[in-house]
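This report refers to the structure that appears directly beneath it.
We name chains A, B, ... by the order of the sequence lines, and we start the count at 1 in each one.
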Amino acid sequence: MSASTAGPNPDNQIPKAPAEVGVSGSVTDLTPYLPPVDSEYDLEMTDLKGPEEAPAPVEVIFDCSDVEVHYGEHRAIRDVSLSFGLREVTALIGPSGCGKSTFLRCLNRMNDLIPGAKVGGHVIYHGQDLYADEIDPVQVRKRIGMVFQKPNPFPKSIYDNVAFGPRVVGMEGDMDEIVERALVRGALWDEVKDRLTENAFGMSGGQQQRLCIARALATDPDVLLMDEPCSALDPISTGRIEDLMAELKERISIVIVTHNMQQAARVSDKTAFFTVEMAEDEKRRTGVVVEYDATDTIFTNPSDKRTEDYVTGKFG
Amino acid sequence: MTGQRIADSALRGMRRGERTNRRALIFDILMYGAIALALVSLLALIIQTVVKGAPDLSLQFFLNFPSRINPANSGAQSAIVGTLYLMLLTAVFVIPVGIATALYLEEYADKTRWWNRMIEVNIQNLAAVPSVVYGILGLAFIVRGPLGLGPVLLAGGLTLGLLVLPVVIIVARESIRAVPPSIREGALALGATKWQMVSRQVLPGARAGMVTGIILSLSRAIGETAPLLVIGAASSPRFNPSGLGDAFTALPIQIFSWTQDPNPVFVNQAATASIVLLGILLAMNGVAIVMRNRYEQRW
Amino acid sequence: MNAVSTTSAERVRADLVRARSARSARESLIKGLLFLAALLSVATTTAIVVTLLQQTISFFGEVSPLAYFAGTKWTPLLSGDQQSFGVLPLLWGTFYLTGIGLLVAVPCGLLAAIYLAEFAKPKVRKTVKPILELLAGMPTIIFGYFALTFVTPVILRDVFGIPVSEFNGLAAGLVLGLLVTPTIASVAEDAMRSVPQSLREGAYGLGAGRLQVALRVVFPAALSGIVAALILGASRAIGETVIILIAGGQSPSMSLNPTGSFQSMASFIAATARGDIPQGTLKYETIFVVGFTLFCVTLLLNAVSTRVVSRYRQVYE
């Protein structure tokens with residue numbers, strides 16, 4: 001494993017301290033805007049703490065078992081069983097087409113929107129199966145935010161972008177405050193506070209993506225799903241978003257799909273490695289989870305040969 | 001240096017080769033000749049209309065009603081007012097129905113269902129139906145028959161509305177399709193319901209394209225003669241319609257009845273009315289172009 | 001699990017199911033309303049077909065289909081022995097004048113399209129394209145007026161010295177061509193422009209000249225779209241009413257000589273329906289039977305066009 005060129009940080013520390021974040025001051029300003037932590041969600045599930053090598057998180061927010069997704073006849077992923085920890089960053093890595101994004105989109109029922117998509121298995125969020133009949137996908141998406149591969153701001157003002165979520169879900173309170181709080185949490189406030197009425201299309205790509213993060217935070221979700229959020233960004237913007245994730249982790253749980261292994265190593269606590277399985281009888285490709293463990297274990301001492309090949313760059 | 005020289009001479013050779021190609025020359029002559037012929041003809045059409053019609057173009061022409069007794073003082077007020085009313089009525093009918101249909105087909109319809117595919121094919125076919133057939137529909141269904149409104153303004157507006165409905169649906173769908181899927185995903189991921197996503201993101205994003213397309217469709221509607229002739233629009237009335245249930249005329253109808261007149265004064269006034277009609281159409285096109293340039297959403 | 005987590009799960013659950021029924025009812029209502037709007041266009045087609053068929057059936061109750069489809073004399077408004085319902089003169093008028101028009105419009109339209117797509121500078125194209133679309137949307141009554149007051153007396157009689165009557169097929173046909181030229185040029189240009197640049201570059205790379213690329217590469221590659229443009233042009237000419245009504249005359253003819261008067265299906269309908277023809281008479285029914293014939297012809301053309309486009313379209317990338 002010493003041959004690993006990925007250079008994961010063995011201590012799995014966040015590379016930069018929050019004080020080094022480019023947006024100075026925002027970190028200290030944060031506190032007053034933060035919503036109170038809902039103590040009811042602080043589950044005491046110490047009994048779930050497994051042995052050292054078991055990836056079971058301390059407090060579970062998502063517990064997925066045997067998740068599979070079909071697009072029409074085609075099975076995109078199968079047998080995905082993962083649980084994600086409260087206020088942890090979980091990275092999903094793997095080669096293209098292995099179903100990471102497909103799985104991610106099961107977590108807030110975005111797959112509902114694809115005609116012909118069918119989700120099987122169980123996605124348990126705070127003890128509730130998200131695919132139960134009585135569950136409203138709109139409410140699910142309100143609580144579980146999502147950030148996409150390409151920044152997708154609305155062609156509206158920065159303010160209206162952030163206010164969109166709170167408005168559609170009917171959040172109460174002063175909209176100006178809600179928008180400001182979200183932008184502060186998205187580490188964007190200082191850059192845009194004087195041009196809130198300007199069109200978001202005039203921002204740089206990195207700013208647009210942070211706006212999308214702020215927009216997703218505005219409805220106070222407790223989970224943020226990120227689908228390769230940095231793949232369209234330059235290294236500096238990527239760094240800022242990674243710093244931001246480290247800050248956000250204090251309050252919310254993050255599940256991130258990434259192609260960038262260094263990024264997974266830098267930002268995540270746990271990593272799941274997906275791969276593509278070619279069925280012999282059917283010529284279809286199906287995504288499966290190979291290994292799920294603490295991030296430093298995945299990168300320094302994986303137990304599966306396929307994981308090792310992938311993280312050392314022999315394959316993928 | 002040498003490479004440059006070789007490239008130069010090769011280029012020169014190619015140019016000469018192309019220029020001496022006689023077939024290319026003949027084609028050029030044909031091509032430019034055909035374009036010139038078309039352009040000159042269309043130019044002649046406009047000049048002819050203006051030359052014949054301009055002398056009678058005065059404020060009086062807008063204010064007076066058609067008059068047999070006093071041809072020199074004849075005007076087109078009832079036709080102009082009728083055309084504007086028709087435009088308004090057509091818009092009131094076609095904008096909500098057209099946009100709703102486009103939204104249904106683009107955002108809601110499951111394309112694997114046969115009835116949705118049928119609706120699509122049906123609209124494509126309707127767009128190809130000649131306008132005179134819409135006139136027959138208007139006559140048999142709206143003027144007489146089930147609705148039985150008589151040859152009134154409302155019947156004219158509805159007939160023209162049905163005529164341009166497929167066109168409006170097609171342009172509205174194109175504008176809706178131009179809104180990228182990522183915008184829809186973004187809205188839904190924030191907890192918007194489908195209708196919130198559609199009404200607050202998709203519609204505003206498609207607005208400029210729709211407005212442009214609809215204005216152009218309306219300009220097509222008010223230039224139509226045949227359907228209004230068939231449903232029985234009035235000829236040279238000396239009054240404006242005062243309500244939806246009144247008899248009406250429109251510029252194309254007025255132009256038509258003046259061309260049919262043996263009195264050459266009226267034949268020239270047909271050209272004058274054509275100028276007015278063209279002016280209205282140009283203004284609408286101008287508005288459409290300004291709307292497109294100013295509000296078009298680039299993604 | 002302890003009590004706290006149970007409460008929490010219940011709260012999350014309550015949150016996730018909240019307000020669903022009321023809202024989903026509203027969402028279904030909206031979808032229903034939009035669907036109703038979409039149904040209106042289906043209803044329009046149904047109304048057209050039902051209206052036309054009803055009167056057509058009643059018409060064929062009195063006139064034999066053979067007399068209609070094979071008869072060479074169209075005098076439905078006369079009475080007694082003079083009355084005859086042979087549609088061939090109307091069909092002939094429609095297709096003959098359309099043919100004259102296409103004789104002008106096809107070369108002009110296609111050459112203009114080739115010029116715009118392959119030879120014109122982008123700036124020229126950007127100015128000409130909207131003008132073409134404007135011309136394609138010009139009221140046909142103005143074209144009719146032009147045919148009657150300029151083409152017939154000035155161009156045909158004075159310039160070319162052709163002894164045409166005041167209402168003649170030649171002027172109507174030529175102006176029909178002028179009417180559809182912009183449509184053909186615009187649609188064919190779109191088709192040629194959608195041929196990928198790589199195809200042109202490949203041909204240039206093999207040493208082809210501009211003309212060869214235009215005629216041997218782009219033109220064939222865009223053929224399905226070009227055919228669709230031609231069919232669209234023909235379909236517009238066939239359905240055109242007022243040009244023929246104004247300039248072509250109102251007496252049907254099966255003559256080959258274009259200097260005399262002609263009547264097309266559309267112009268017959270407009271000429272006849274204008275009168276206060278009483279409902280329920282045979283004369284009234286002729287409007288519908290001719291309308292139905294016209295409707296079928298354009299529907300057929302549209303079907304052919306859809307067929308051509310879907311079967312022969314080259315799919316790039």
Side-chain angles (χ1 to χ4, degrees), chain B residues 18 21 24 27 30-31 34-35 37-38 41-42 44-45 48-49 52 97 100-101 103-105 108 119 122-123 125-126 128-133 135-137 139-141 144 162 165-166 169 193-195 216 219-220 223 225-226 229-230 232 252 255-256 259 267 270-271 274 277-278 285 289, chain C residues 23 26-27 30-31 33-35 37-38 40-42 44-45 47-48 51-52 55 107-108 111-112 114-115 119 130 134-135 137-146 148-150 178 181 209-211 235 238-239 241-242 246 266 269-270 273-274 279 287-288 291 294-295 298-299 301-302 306:
Chain B
E18 220 172 305
N21 189 336
F27 183 80
L30 273 177
M31 184 173 74
I35 293 166
L37 178 69
S41 310
L42 290 165
L45 184 152
Q48 154 82 359
T49 309
K52 288 233 172 185
V97 177
T101 305
L103 281 180
Y104 175 76
L105 288 175
Y108 288 86
I119 293 175
N122 173 60
I123 289 167
N125 282 322
L126 270 183
V129 171
S131 61
V132 73
V133 173
I136 300 180
L137 174 70
L139 175 66
F141 209 84
R144 302 176 185 182
L162 290 177
L165 182 60
I169 293 170
T193 64
K194 184 144 200 175
W195 177 244
L216 295 179
S219 80
R220 229 199 90 187
T225 317
L229 273 181
V230 173
I255 297 168
F256 177 77
T259 39
V267 176
S274 298
L277 181 58
L278 278 181
N285 274 270
I289 289 167
Chain C
R23 223 206 23 242
R26 212 185 66 209
E27 293 279 318
I30 289 167
K31 183 176 175 178
L33 286 175
L34 298 180
F35 180 66
L40 187 69
S41 62
V42 179
T44 309
T45 314
I48 291 178
T51 315
L52 293 177
Q55 307 285 339
C108 284
L111 287 165
I114 292 176
Y115 167 74
F119 293 88
L134 185 66
L135 289 171
M138 245 179 41
T140 56
I141 180 86
I142 297 177
F143 283 85
Y145 182 81
F146 178 65
L148 179 73
T149 63
F150 191 74
L178 192 60
T181 300
R210 238 178 166 183
L211 176 65
S235 167
I238 287 171
T241 311
V242 268
I246 290 180
I269 294 167
R274 253 180 331 130
Q279 213 164 332
I287 301 168
F288 294 84
L294 177 61
F295 178 76
T298 49
L299 210 63
L301 274 178
N302 196 40
T306 319

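- Between chain B and the options Leu33(C), Thr51(C), Leu299(C), Thr44(C), the largest number of non-hydrogen pairs under 4.5 Å is found for Thr44(C).
- Comparing Leu30(B), Leu37(B), Leu278(B), Thr193(B) by how many heavy-atom pairs each has under 4.5 Å with chain C, the most go to Thr193(B).
- When all heavy atoms are compared, the tightest approach of Ala270(C) to Thr241(C) is CB-CG2, 3.4 Å.
- Among the candidates Leu105(B), Val267(B), Ile169(B), Ile289(B), the residue making the largest number of heavy-atom pairs closer than 4.5 Å to chain C is Val267(B).
- In plain terms, the two heavy atoms of Ile136(B) and Phe288(C) that are nearest each other are CG2-CE2, 3.3 Å.
- When heavy atoms are compared at a cutoff of 4.5 Å, Phe27(B) approaches chain C solely by way of its side chain, counted from C-beta outward.
- For the pair Thr101(B) (side chain) and Ala37(C) (backbone), a donor-acceptor distance under 3.5 Å is present.
- Between chain C and the options Arg220(B), Lys52(B), Met31(B), heavy-atom pairs under 4.5 Å are most frequent for Met31(B).
- Leu40(C) touches chain B through its side chain: at least one heavy atom from C-beta onward sits under 4.5 Å away, while N, CA, C and O do not.
- Partner of Phe143(C) under the side chain to side chain contact (heavy atoms under 4.5 Å, CB included) criterion, chosen from Leu148(C), Val242(C), Leu178(C): Leu178(C).
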*side-chain contact (heavy atoms from CB on, under 4.5 Å) between Ile246(C) and Ile141(C): does it pass, once the steps are laid out?*
CA-CA 8 Å; Ile246(C) 290 180; Ile141(C) 180 86; 3.5 Å; yes
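- Separation of atoms CD1 (Ile142(C)) and OG1 (Thr259(B)) is listed at 11.5 Å; rounding is to 0.5 Å.
- Residues Ser235(C) and Ala128(B) come closest through the heavy atom pair OG-O, 4.2 Å.
- Contact record, Ala38(C) with Tyr104(B): CB-CD2, 3.8 Å, taken as the closest heavy-atom pair.
- By number of non-hydrogen pairs under 4.5 angstrom with chain B, the leading residue of Gly137(C), Ala47(C), Pro107(C) is Ala47(C).
- Contacts of Phe256(B) with chain C are made by both backbone and side-chain atoms, with heavy-atom separations under 4.5 Å.
- When all heavy atoms of Leu211(C) and Ala24(B) are compared, the pair lying nearest together is CD2-CA, 3.5 Å.
- The residue among Ser41(B), Ser131(B), Ala226(B) with the most heavy atom pairs within less than 4.5 Å of chain C is Ser41(B).
- Nearest heavy atom pair, residue Ala273(C) against residue Val230(B), reads CB-CG1, 3.6 Å.
- Ranked by non-hydrogen atom pairs under 4.5 Å with chain B, the options Thr306(C), Ile269(C), Thr181(C) are led by Ile269(C).
- Of the two parts of Val42(C), the backbone and the side chain both hold a non-hydrogen atom closer than 4.5 Å to a non-hydrogen atom of chain B.
- The candidate with the highest count of non-hydrogen atom pairs below 4.5 Å against chain B, out of Gly239(C), Gly144(C), Pro139(C), is Pro139(C).
- Each of Leu162(B), Leu126(B), Leu277(B) has some count of heavy-atom pairs under 4.5 Å with chain C, and the biggest count is that of Leu126(B).
- Residue with the most contacts toward chain C among Val133(B), Leu165(B), Thr49(B): Val133(B) (heavy-atom pairs, distance under 4.5 Å).
- With a 4.5 angstrom heavy-atom cutoff, Ile123(B) touches chain C only via side-chain atoms.
- Proximity to chain C involves both the backbone and the side chain of Asn125(B), based on heavy atoms less than 4.5 angstrom apart.
- Looking at Leu42(B), both its backbone and its side chain come within 4.5 Å of chain C, counting heavy atoms on both sides.
- Only the side chain of Leu52(C) comes within less than 4.5 Å of a heavy atom of chain B; its backbone N, CA, C and O stay farther away.
- For Gln279(C), the parts lying near chain B are the backbone and the side chain together; criterion is any non-hydrogen pair under 4.5 Å.
- Between Pro130(B) and Ile238(C) the shortest side-chain heavy-atom distance does not fall below 4.5 Å.
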*Report the C-alpha separation of Ile30(C) and Lys194(B) in whole Å, then their side-chain angles, then the decisive distance to 0.1 Å, and conclude whether the side-chain contact (heavy atoms from CB on, under 4.5 Å) test is met.*
CA-CA 10 Å; Ile30(C) 289 167; Lys194(B) 184 144 200 175; over 6 Å; no
